[in-house]
S.K.: 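One structure, as structure tokens, below. Some questions next.
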Amino acid sequence: MNGIHDLGGMQGHGPINPPKSEPIFKQDWEGRVFAMFAPAAIGAGFNIDEFRHGIERMGHVDYLDTTYYEHWLATYITNLIEKGVITEDELKKKMDELRGDA
């Protein structure tokens, strides 16, 4: 597969030098998304390959415009909908509630 996510081995992106003091999670929500992996995968019945494939199917702009854990959240949503655990309408309704739009 050769997609936007496939940056390994590509030249010209410069060195990766994370600061030694960099936190594991930059924001609290990232830790919660990380912790959701096992419950989401077991509950929905998706495996690590389906998890990765959900990220690979993100649009190029969305992929480049989002963070690592936003990729995880996107693949959770993709897999939960595809496995029939939630519907797009249920997700939209919940998102509207959380934003206060409902």
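Keep in mind that what you see is a predicted model, and the values were worked out from it rather than measured. All heavy atoms count here, side chains included; hydrogens, waters and symmetry mates do not.
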S.K.: Applying ring pair (Phe, Tyr, Trp, His ring centres under 6.0 Å), can you list everything that pairs with F46, at least two apart in sequence or on another chain?
M.R.: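 With neighbours one apart ignored, the set is empty.
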S.K.: Taking only residues two or more places apart in sequence or in another chain, which ones pass ring pair (Phe, Tyr, Trp, His ring centres under 6.0 Å) with F25?
M.R.: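 Ring pair (Phe, Tyr, Trp, His ring centres under 6.0 Å) check on F25 returns F34, Y69.
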S.K.: Once salt bridge (Lys or Arg N to Asp or Glu O under 4.0 Å) is applied, do any residues pair with E70, and if so which ones, sequence neighbours excluded?
M.R.: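 Counting only residues at least two positions away or on another chain, E70 forms no salt bridge (Lys or Arg N to Asp or Glu O under 4.0 Å).
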S.K.: Tell me, please, which residues at least two apart from E90 pass salt bridge (Lys or Arg N to Asp or Glu O under 4.0 Å).
M.R.: none
S.K.: Rounded to the nearest 0.5 Å, what's the gap from CD on E82 to OG1 on T75? Could you check?
M.R.: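 The distance works out to 8.0 Å.
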S.K.: I'd like a table of donor-acceptor pairs (distance under 3.5 Å, sequence neighbours excluded) in which one partner is a side-chain atom from residues 35-43, with atom names and distances.
M.R.:
none

S.K.: Taking the side chain as everything from C-beta on, heavy atoms only, tell me whether T87 gets closer than 4.5 Å to I81.
M.R.: no
S.K.: Taking side-chain hydrogen bond (donor to acceptor under 3.5 Å, both in side chains) as the test, write out the residues that go with T78, two or more places apart.
M.R.: none
S.K.: When rounded to the nearest 0.5 angstrom, what distance separates NZ in K92 from CD1 in I86?
M.R.: 14.0 Å
S.K.: Can you sort out the partners of E22 under salt bridge (Lys or Arg N to Asp or Glu O under 4.0 Å), two or more places apart, ordered by chain and number?
M.R.: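 Only K26 meet the salt bridge (Lys or Arg N to Asp or Glu O under 4.0 Å) criterion with E22.
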S.K.: Let me confirm one number: the CD-NZ distance from E50 to K83, rounded to the nearest 0.5 Å.
M.R.: 3.5 Å
S.K.: How would you list, by chain and number, every residue that makes a side-chain contact (heavy atoms from CB on, under 4.5 Å) with K94, sequence neighbours excluded?
M.R.: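 For K94, the residues satisfying side-chain contact (heavy atoms from CB on, under 4.5 Å) (neighbours in sequence not counted) are E97, L98.
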S.K.: Indicate yes or no: does R99 engage D96 in a salt bridge with an N to O separation below 4.0 Å.
M.R.: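 Salt bridge between R99 and D96, a charged N being under 4.0 Å from a carboxylate O: yes.
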S.K.: Going by side-chain contact (heavy atoms from CB on, under 4.5 Å), name the residues that satisfy it together with D49, two or more places apart in sequence or in a different chain.
M.R.: N47, R52
S.K.: Only pairs at least two apart or in different chains count here, so list each side-chain hydrogen bond (donor to acceptor under 3.5 Å, both in side chains) that has a residue in residues 28-41.
M.R.: Q27-W29
S.K.: Between the main-chain N or O of M58 and the side-chain N or O of D62, is there a donor-acceptor pair closer than 3.5 Å?
M.R.: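 Here the side-chain-to-backbone pair does not exist.
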S.K.: Taking the six-membered ring for Trp, are Y68 and H71 parallel (under 30°), tilted (30 to 60°) or perpendicular (over 60°)?
M.R.: tilted
